[in-house]
Protein chains: 2
Amino acid sequence: MPTPARTSTEAIVDAGRQILEDRGLEALTMQSVARAVGVRPPSLYKHLRGRDDLVRRIATRAAEELGAHLEGAVQGRDPDADLAALAAAYRSFALANPRAYALLFAPGPDDWRIDAELNVRLSTPLLATAERLAGPSDALSAARTAVAWAHGFVSMELAGAFRLGGDVEAAFSYGVRRLIAAVDARPSSPAGI
Amino acid sequence: MPTPARTSTEAIVDAGRQILEDRGLEALTMQSVARAVGVRPPSLYKHLRGRDDLVRRIATRAAEELGAHLEGAVQGRDPDADLAALAAAYRSFALANPRAYALLFAPGPDDWRIDAELNVRLSTPLLATAERLAGPSDALSAARTAVAWAHGFVSMELAGAFRLGGDVEAAFSYGVRRLIAAVDARPSSPAGI
DNA sequence: ACCTGAACACCGTTCAAGT
DNA sequence: ACCTGAACACCGTTCAAGT
């Protein structure tokens, strides 16, 4: 006789993400998640393929949120202002969701990787802005330069890797400014005069 | 009665690093390492505090090698050539030692982090080059911009995160060129003329 | 002084049995 | 159709006992 589900994939992923952010990836066990949603560990396998599947779903949800966050940041006027806004939005998301963010580029099992379609969505706002700033032929390289810098900066910041003192905030705004100038190839830009 | 050691910390770290690079962090277990050096798992605790300690020692050794690699890359003539050489050396080390490299900025337990002194040594070649290129007041921010970009680029490359096609090699050399121009503040540089 | 088997507390996962 | 206890194969780690 059918019995109603006592939990759901949605609730499981929510609980898992909370545990991840609160206590770290090590603490994200099938036991801790099961306890959080009020079932026994074996029941989780009716909703997920296993722990790797859970981690991938958490990463996917975080990537979707980051995508929406980035889409909300572009205004569509000055591409240099848009690139600065994208960088700030990127960093603010990472600082607000450090452990879920770390999952996005984690060198984990392939099962953790977000799918190609979502990757495209994640790239689109930056790629469009980079094209307006650097021109069509350099758009992809410019976007890669920008995202590499942004990801490197926030992942080092989150890892506590800026350990020589100084002002990390200042280094971020310095980086944004220099990066924008570096990829700006518009005829009207200072470098072109 | 004392019995001679059948293995050594050195041999254990060597074996651990090999396993890490060959089969990944998951496969780096006390059992696999013990088997590789020819003892039983409990014996490892006479040489290490535990698995976290082993991982930290592997990361430390990799960081020392990376430091030497970077020190060997600077020529001390043109700072722009030095920065390009540092970027290339950084990337070549990461591509040759992907899993050990990933450990360096991994968001793992604090026990994994390399010590402050080694961090200074790791930073020195870049910081000196950045100072010659960007001037004393911007040296730290310029160095952070450069290392953020380099780390972000190689970690995304290693994670397989550049998935939109195009030429990753071209994106790297584009990034190096633009980054150098961006932080170059020398009076004789084009931007200053 | 180092190595070992046995033991402990934990993991992820499977599966037959319950409702 | 979902949930559960019991079981299995693994893990890191501890410790008394061996040499």
Side-chain angles (χ1 to χ4, degrees), chain A residues 1-60 99 103 106-113, chain B residues 1-60 99 103 106-113:
Chain A
M1 200 198 293
T3 73
R6 224 159 293 177
T7 185
S8 66
T9 309
E10 176 95 7
I12 292 168
V13 176
D14 279 347
R17 178 151 179 202
Q18 189 88 39
I19 292 169
L20 171 69
E21 244 9 296
D22 289 348
R23 298 191 278 136
L25 189 56
E26 290 190 358
L28 182 70
T29 67
M30 298 303 267
Q31 305 214 30
S32 65
V33 173
R35 191 174 329 117
V37 299
V39 298
R40 300 289 179 173
S43 300
L44 299 177
Y45 293 79
K46 290 289 165 186
H47 303 273
L48 307 159
R49 272 196 292 269
R51 184 179 185 263
D52 286 347
D53 189 35
L54 172 59
V55 173
R56 203 205 34 164
R57 285 171 189 265
I58 293 172
T60 295
R99 282 164 164 155
L103 242 40
D110 283 355
D111 325 26
W112 291 12
R113 200 172 305 176
Chain B
M1 201 194 295
T3 72
R6 225 160 292 176
T7 184
S8 66
T9 310
E10 175 96 7
I12 292 168
V13 176
D14 279 347
R17 179 149 178 203
Q18 188 88 39
I19 292 169
L20 171 69
E21 240 16 289
D22 288 350
R23 298 191 278 136
L25 189 56
E26 290 190 359
L28 182 69
T29 67
M30 298 304 267
Q31 306 215 28
S32 65
V33 173
R35 192 174 328 116
V37 299
V39 298
R40 300 289 178 172
S43 300
L44 299 178
Y45 292 80
K46 290 289 165 186
H47 303 272
L48 307 158
R49 272 197 291 269
R51 185 180 185 264
D52 287 348
D53 188 34
L54 173 59
V55 173
R56 202 203 32 148
R57 286 171 190 264
I58 293 172
T60 296
R99 281 164 164 156
L103 241 41
D110 283 355
D111 326 27
W112 292 12
R113 201 173 305 176

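Naming: A, B, ... by sequence-line order, numbering from 1 per chain.
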Testing C/dG5, D/dT4, C/dC2 for proximity to the side chain of B/Pro42, the answer is C/dG5

Rounding to 0.5 Å, atoms CG (A/Leu28) and CZ (A/Arg23) come to a distance of 9.0 Å

Out of C/dT13, D/dT4, C/dG12, minimum distance to the side chain of A/Val39 belongs to D/dT4

| query | Would you say a side-chain N or O of B/His47 is under 4.0 Å from OP1 or OP2 of C/dC3? | reply | yes

Worksheet entry | Note, A/Val55 side chain near A/Ile58 side chain (heavy atom, < 4.5 Å) | no

With no hydrogens and no angle check, is any side-chain donor or acceptor of B/Arg99 less than 3.5 Å from a backbone partner on B/Ile19? no

Between B/Arg56 and B/Asp52 (salt bridge meaning N to carboxylate O under 4.0 Å), is one present in this structure? no

Q. Which part of the nucleic acid, if any, lies within reach of A/Thr7 when heavy atoms closer than 4.0 Å are counted: base, sugar-phosphate only, or nothing?
A. sugar-phosphate

- Query: Across the strands shown, which category fits B/Ser43 at heavy-atom distances under 4.0 angstrom: base, sugar-phosphate, nothing?
  - Reply: base

Here the distance between atom P of C/dT14 and atom CZ of A/Arg49, to the nearest Å, is 12 Å

dist A/Arg6:CZ -> A/Arg40:CZ (nearest 0.5 Å) comes out at 11.0 Å

When rounded to whole Å, the CG to P distance for the pair B/Leu25 and D/dG12 reads 11 Å

Between CZ of B/Arg35 and P of C/dC3 the distance, given in whole Å, is 17 Å

Which of A/Asp53, A/Thr9, A/Val37 passes side chain to side chain contact (heavy atoms under 4.5 Å, CB included) with A/Leu44? It is A/Val37

Out of C/dC3, D/dC2, C/dC11, minimum distance to the side chain of A/Ala5 belongs to D/dC2

B/Arg6 CZ to D/dT19 P, in whole Å, measures 12 Å

To the nearest angstrom, the OH-P distance between A/Tyr45 and C/dC15 comes to 12 Å

Separation between OG1 (A/Thr60) and CG (A/Leu103), nearest 0.5 Å, reads 9.5 Å

Is any side-chain nitrogen or oxygen of B/Arg51 closer than 4.0 Å to OP1 or OP2 of D/dG12?
yes

Counting only Watson-Crick and G-U wobble pairs with both atom distances below 3.5 Å, the stems of 3 or more consecutive pairs that include DNA chain D are C:4-8 with D:12-16, C:12-16 with D:4-8

note: B/Leu44, atom CG; D/dT13, atom C1'; distance rounded to Å ~ 11 Å

When rounded to whole Å, the CD to P distance for the pair B/Gln31 and C/dT4 reads 14 Å

Looking only at D/dT14, C/dG12, D/dG5, the nucleotide nearest the A/Met30 side chain is C/dG12

note: A/Arg40, atom CZ; C/dC11, atom C1'; distance rounded to Å ~ 16 Å

